[in-house]
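In this chain, numbering begins with 1 at the start of the sequence shown. Keep in mind it's a predicted model, so treat the numbers as computed, not measured.
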Amino acid sequence: MKSSEAKKALQGKSPAELQTELEALLKEQFGLRMQAATQQLTNNAKLRSVRRGVARVRTLIHQKKAEGTKA
């Protein structure tokens, strides 16, 4: 999935769904970090993409919070 498609899919989610998505990404990031530390990680690019996914989700959560306070 391209990043633009991922952004559109995330924008349609509610804040609660975004929070569960964030928790799943953080667990995945932790697992990948442990694999990297034990030299078991074969796809180093996966760590970068997960980290960017976490940033995208956190950005959307904060944007939706800001929209809620303005309204």
So, do [X] and [Y] sit near enough that their side-chain heavy atoms are less than 4.5 Å apart?
{"X": "L60", "Y": "R56", "value": "no"}
{"X": "K8", "Y": "E5", "value": "no"}
{"X": "K64", "Y": "T59", "value": "no"}

Item to check | Flag if over 12 foreign heavy atoms under 6.0 Å of CZ, R33 | outcome: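 Counting other residues, nucleotides and ligands, CZ of R33 exceeds 12 neighbours.
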Next on the checklist: Quick check: closest heavy atoms across Q29 and L47, and the distance to 0.1 Å?
Outcome noted: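 Looking at all heavy atoms of both residues, the closest pair is O-CD1, 4.2 Å.
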Checklist entry - Can you name the residues that form a side chain to side chain contact (heavy atoms under 4.5 Å, CB included) with E28, not counting sequence neighbours? => result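 Applying side chain to side chain contact (heavy atoms under 4.5 Å, CB included) to E28 gives L25, L32, K46, V50.
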Nearest 0.5 Å, what's the [atom1]-[atom2] distance between [X] and [Y]?
{"X": "Q63", "Y": "L18", "atom1": "CD", "atom2": "CG", "result": "10.5 Å"}
{"X": "H62", "Y": "E67", "atom1": "NE2", "atom2": "CD", "result": "13.5 Å"}
{"X": "N44", "Y": "Q35", "atom1": "CG", "atom2": "CD", "result": "10.5 Å"}

